[in-house]
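Below you'll find the structure, written out as structure tokens, and then a few comments.
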Amino acid sequence: MSRKTLEQRHEMSDIERLRHSCAHVLATAVMRIWPDAQLAGGPPVDNGFYYDISLDHAITPADFEQIEAEMKKVVKANETFERLTVSREEAAELAKAGRLGALSDRSIPSKFKLDMLNDIPEGEEISIFKNGDFQDLCAGPHVGRTGNCKAFKVMSVAAAYYKGDSDNESVQRIYGTCFKNRTELDEHLEKLEEAKKRDHRKLGREMGLFAIDEAVGQGLILWKPKGSVIRRELQNFISKQLDAQGYSEVFTPHIGKLDLYRTSGHFPYYQDSQYPPVIERDVITKLADEGCSCADLHNILEKGEIEGFLLKPMNCPHHIKIYDSEPRSYRDLPVRLAEFGTVYRWEQSGELGGMTRVRGFTQDDAHLFCLPEQVAEEIQGCLGLVKSVLGTLGMNDYRVRLSLRDPDSDKYVGDPANWDKAEQALRDAVTTLGVDYTEELGEAAFYGPKIDFVVSDVIGREWQLGTVQVDYNLPERFDLSYNGADNKSHRPVMIHRAPFGSLERFTGLLIEHFAGHFPTWLAPEQVRILPISDKVIEFAEKAEAALRENGIRVVLDRTADKVGAKIRLAQLDKVPYMLVVGEREAEANQVSVRHARKGDLGTQSLDDFVTAIVDEINQRAL
RNA sequence: GCUCUUGUAGCUCAGGGGUAGAGCGCGUCCUUGGUAAGGACGAGGUCGUGGGUUCAAUUCCCACCAAGAGCUCCA
């Protein structure tokens with residue numbers, strides 16, 4: 001869901017007004033069916049609306065038909081939306097009588113409405129909206145009549161926490177979609193169907209790109225051979241960029257001692273979202289000898305008193321230790337250490353999904369250690385890298401988020417003055433870059449603010465991909481230094497950056513972005529040769545060899561199918577180029593070229609085709 | 001982690017208290033065909049796992065595991 005700016009929230013568009021009204025129609029219907037229900041809030045959202053409801057009966061999709069039927073009655077009755085202004089006391093009286101978010105007085109108060117009343121600031125006008133017998137505490141605005149809600153559909157039901165706080169009680173959230181008219185609604189529903197077809201989980205299975213196996217573990221991606229080709233190409237691509245930009249590639253292990261992460265702060269701050277520590281055998285034996293119970297062990301782990309290793313949740317501490325492995329002079333800086341580093345995080349089970357949210361993933365990570373005066377330029381370099389990487393892949397539909405700390409939270413480490421410096425540095429950089437961006441409080445990492453590149457998946461969920469982060473804190477924690485021109489010790493500044501973010505998430509989104517039709521340079525199978533009959537198999541083999549010699553990933557279709565069927569299969573496999581070869585081609589040393597998206601491209605000589613495709617691949621053409 | 005839904009052949013799905021079906025895919029054979037499906041035959045399933053109810057469970061109930069949607073979280 002995209003976040004609304006303050007202005008957008010205050011100024012409800014026509015369609016939002018309609019959707020909000022439709023939420024009231026839904027609420028009216030629900031109250032007619034279940035008069036004891038307690039209503040919470042029901043705002044418009046992208047493409048529709050929801051209403052939060054507390055109710056003993058668990059609403060399931062089987063109830064949707066009845067709800068929609070009741071809604072249709074409300075719409076047909078064409079009730080007027082009537083706005084009443086009331087005093088706080090009057091509103092409270094109504095709520096106590098159970099008369100808010102209800103069709104009549106009830107024996108129990110409207111508890112959520114009573115609570116929401118308290119959230120309305122003193123002095124603000126309190127309004128009630130009525131349609132027919134239904135009345136609700138509501139700031140509005142609404143459309144004129146319920147009859148305006150012509151095109152809607154109840155979509156789903158899920159639990160949500162009241163007011164979005166996981167400490168609050170859980171309510172049932174009914175989602176609906178609503179459009180101006182039937183045509184737009186149908187278009188939207190069709191779009192949802194289309195989107196499902198390019199879902200990376202579906203395409204990933206169909207195209208044999210990756211698998212997830214229960215026996216291996218939730219959220220752990222198995223890259224199959226074809227997916228691995230894509231990953232290798234992406235890695236090669238990024239490595240070339242890094243070489244050009246003066247990065248040094250490093251390799252570090254997948255685990256590190258707990259103390260390393262105590263120093264960095266990861267272990268204490270993110271206990272809940274890490275795989276449990278790997279405890280040394282001797283330590284376990286000793287604990288057992290001491291009669292340590294499971295409860296004791298649990299306490300020891302909680303307090304972090306244990307010794308052992310952690311699967312690394314981040315690469316920075318390892319890179320920091322590489323920086324710190326030799327004395328550094330200001331002349332050496334910036335030191336740019338890059339690694340395709342695999343990290344492990346214990347994400348909540350309900351969060352996992354496909355390749356976009358996983359428990360083990362590889363970041364195209366790098367850490368830049370630089371002089372304070374180099375920070376601005378280095379950030380620029382990183383942002384440019386992210387932009388160019390996304391641009392090469394044609395992923396230009398992203399938004400840029402300046403993620404700042406929430407001043408009211410205490411989860412952040414380090415000196416506020418350093419935070420201010422880092423936030424300003426990023427703000428300056430993103431301004432210079434000349435892209436639109438939004439500043440969002442509370443989105444920062446615990447050690448520093450960041451610039452995030454955010455893209456949406458096929459169902460509209462947003463995911464953070466590339467990120468650039470400025471960090472004054474970890475150098476402090478690890479007591480990093482360099483020798484300055486004044487021959488004194490100084491503290492470097494760190495920049496964390498990852499243009500893809502994680503290869504898993506990025507590849508997942510890339511699959512959806514291309515709907516499986518990868519550009520030739522990324523396609524696992526770039527060319528399929530389709531002989532018309534066995535009579536030309538020799539020529540087909542010759543073509544295959546010629547392509548393979550030029551580094552093209554080619555497959556010769558030796559099945560007994562007719563060309564029509566061979567083409568169909570190649571199309572379904574989304575192979576960019578199909579070479580149809582028959583006796584005509586064999587005689588002339590030619591190939592008949594068909595492109596998966598462009599169709600029949602006619603005949604050309606084998607040599608010309610090879611030259612053209614090699615060029616296309618080298619260009620990384622889209 | 002929370003709520004709801006789902007789990008039947010490799011994939012998409014139908015079925016239903018009396019030990020299972022379709023299409024596609026796969027295998028063998030026939031067919032050598034010119035830009036999205038040629039034909040015949042055949043092999044695949046402890047119906048997610050474990051309990052319970054029952055003469056009988058894949059079907060009903062419970063728990064667990066996993067997936068999906070949303071919420072919360074996301075270094």
Side-chain angles (χ1 to χ4, degrees), chain A residues 1 45 50 52 58-63 155-175 196 199 201-202 205-206 208 212-215 217-219 261 264-267 269-270 272-274 312-317 343 345-354 356-359 363 365 403 411-413 443-448 450 459 461 463-464 467 469 471 474 496 498 505 530-537 559-572 578-585 592-596 599-603:
Chain A
M1 291 304 130
V45 292
Y50 65 77
D52 282 345
I59 295 169
T60 75
D63 297 314
M155 301 296 283
S156 62
V157 58
Y161 298 107
Y162 176 57
K163 290 205 269 195
D165 185 336
S166 56
D167 292 332
N168 285 342
E169 74 171 278
S170 182
V171 293
Q172 304 189 62
R173 177 169 295 179
I174 304 180
Y175 280 90
K196 271 193 210 157
D199 189 311
R201 291 165 295 196
K202 180 178 158 69
R205 186 178 52 246
E206 287 174 356
I212 299 169
D213 191 294
E214 285 184 30
Q218 280 181 285
Y261 298 101
S264 70
H266 294 110
F267 185 57
Y269 278 85
Y270 288 98
D272 290 346
S273 37
Q274 288 160 358
K312 68 178 173 187
M314 288 191 87
N315 300 304
C316 11
V343 297
R345 297 175 188 176
W346 188 259
E347 304 288 3
Q348 299 183 95
S349 60
E351 277 309 329
L352 299 170
T356 44
R357 194 77 185 266
V358 293
R359 282 185 174 161
Q363 298 175 313
D365 210 358
S403 301
K411 78 167 193 176
Y412 306 100
V413 297
E443 293 290 329
F446 78 93
Y447 52 76
K450 48 191 186 135
I459 25 188
R461 289 181 294 208
W463 300 97
Q464 177 198 309
T467 180
Q469 317 179 353
D471 181 1
L474 287 180
H496 310 237
R505 177 177 290 179
L530 313 177
I532 300 232
S533 81
D534 287 351
K535 289 180 197 153
V536 291
I537 199 76
T559 62
D561 289 326
K562 303 215 273 188
V563 251
K566 288 182 181 179
I567 286 171
R568 179 166 183 273
L569 287 174
Q571 284 286 153
L572 291 175
M578 286 153 267
L579 301 184
V580 177
V581 295
E583 293 184 88
R584 291 205 294 271
E585 287 80 6
S592 175
V593 183
R594 182 188 164 101
H595 189 269
D600 193 345
L601 299 181
T603 305

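To find a chain, count down the sequence lines: A is the first, B the second, and so on, and within it residues start at 1.
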Just name whichever nucleotide pairs with B:U32, Watson-Crick or G-U, keeping both distances under 3.5 Å, else none. none

B:G70 base / A:Tyr161 side chain donor-acceptor hit below 3.5 Å: no

Starting from C1' on B:C2, measure out to CG on A:Asp52 and report it in whole angstrom. 14 Å

Can you check whether A:Ser166 has a side-chain N or O nearer than 4.0 Å to OP1 or OP2 of B:C2? no

If you assign A:Phe446 and A:Pro531 each to the RNA chain B nucleotide with the nearest heavy atom, which residue ends up on the more 5' nucleotide? A:Pro531

Heteroatom pairs (N/O) under 3.5 angstrom, protein to nucleotides 25-32 of chain B:
unit_1	atom_1	unit_2	atom_2	d
B:U32	O2	A:Asp534	N	2.7
B:U32	N3	A:Asp534	OD2	3.0
B:U32	O4	A:Asp534	OD2	2.8

Candidates A:His266, A:Arg345, A:Lys312 - the one meeting side-chain contact (heavy atoms from CB on, under 4.5 Å) with A:Gln274: A:His266

Using a cut-off of strictly less than 4.0 Å, decide whether A:Arg205 has a side-chain nitrogen or oxygen near OP1 or OP2 of B:U12. yes

Considering all heavy atoms of both residues, which atom of A:Gln464 and which atom of A:Arg505 are nearest to each other, and what is their separation? O-NH1, 2.9 Å

Per atom distances to the A:Gln571 side chain, the nearest of B:A36, B:C71, B:G68 is B:A36

Watson-Crick or G-U wobble partner of B:U46, both distances under 3.5 Å: none

Base B:A69 to side chain A:Arg461, donor-acceptor N/O within 3.5 Å cut-off: no

Residue pair A:Lys535 / A:Glu583, side-chain heavy-atom distance below 4.5 Å: yes

Find the partner of B:U5: check Watson-Crick (N1-N3 plus N6-O4 or O6-N4) and G-U wobble (N1-O2, O6-N3) distances, both under 3.5 Å, and reply none if neither fits. B:A67

What are the two closest non-hydrogen atoms of A:Asp561 and A:Lys566, and how far apart are they? O-CE, 3.3 Å

With heavy atoms under 4.0 Å as the rule, sort A:Lys411 into base, sugar-phosphate or nothing. sugar-phosphate

Within-4.5 Å side-chain heavy-atom neighbours: A:Val536 and A:Glu585: no

Judged by whether its glycosidic angle lies within 90° of 0, B:G39 is anti

Reported OG-to-CG distance for the pair A:Ser170 and A:Asp52, which is rounded to 0.5 angstrom: 9.0 Å

Quickly work out the A:Met578 CE to B:A36 C1' distance and round it to whole Å. 9 Å

Expressed in angstrom and rounded to an integer, what is the separation of A:Gln469 atom CD from B:C74 atom P? 14 Å

Name the pairing partner of B:G27, where a pair is Watson-Crick or G-U wobble with both distances under 3.5 Å, or state none. B:C41

For A:Tyr447 and A:Asp471, which heavy atoms make the closest approach, and how far apart are they? O-OD1, 3.4 Å

Does a nitrogen or oxygen in the side chain of A:Arg201 sit under 4.0 Å from OP1 or OP2 of B:A69? yes

Which is it for A:Asp165 and A:Lys163 under the salt bridge (Lys or Arg N to Asp or Glu O under 4.0 Å) test, yes or no, and what are the steps along the way? CA-CA 6 Å; A:Asp165 185 336; A:Lys163 290 205 269 195; over 6 Å; no

Regarding A:Ser273, tell me which of base, sugar-phosphate or nothing describes its non-hydrogen contacts under 4.0 Å with the strands shown. base

Does any nucleotide pair with B:C60 by Watson-Crick or G-U wobble geometry, both distances under 3.5 Å, and what is it? B:G52

Quick one: which of B:U35, B:G34, B:A75 gets closest to the side chain of A:Asp600? B:U35

A:Gln363 side chain to A:Ala498 main-chain N or O, any donor-acceptor pair under 3.5 Å? no

Aromatic ring of A:Tyr269 stacked on base six-ring of B:A75, 5.5 Å, 30°: no

Spell out yes or no: do the side chain of A:Ser264 and the base of B:A75 have one donor N/O and one acceptor N/O closer than 3.5 Å? no

Given B:A66, is OP1 or OP2 found less than 4.0 Å from the side-chain N or O atoms of A:Gln218? yes

Under 3.5 Å, is there any donor-acceptor pair linking the side chain of A:Arg357 to the base of B:C74? yes

Distance below 4.0 Å between A:Tyr447 side-chain N/O and B:A75 OP1 or OP2: no

In Watson-Crick or G-U wobble terms, both distances under 3.5 Å, what is the partner of B:A75? none

Does B:G16 have a Watson-Crick or wobble partner in any strand here, with both distances under 3.5 angstrom, and which is it? none

Base, sugar-phosphate or nothing for A:Arg173? Non-hydrogen atoms, less than 4.0 Å. sugar-phosphate

hbond_proxy A:Glu585 side chain to B:G34 base (donor-acceptor, 3.5 Å cutoff): yes

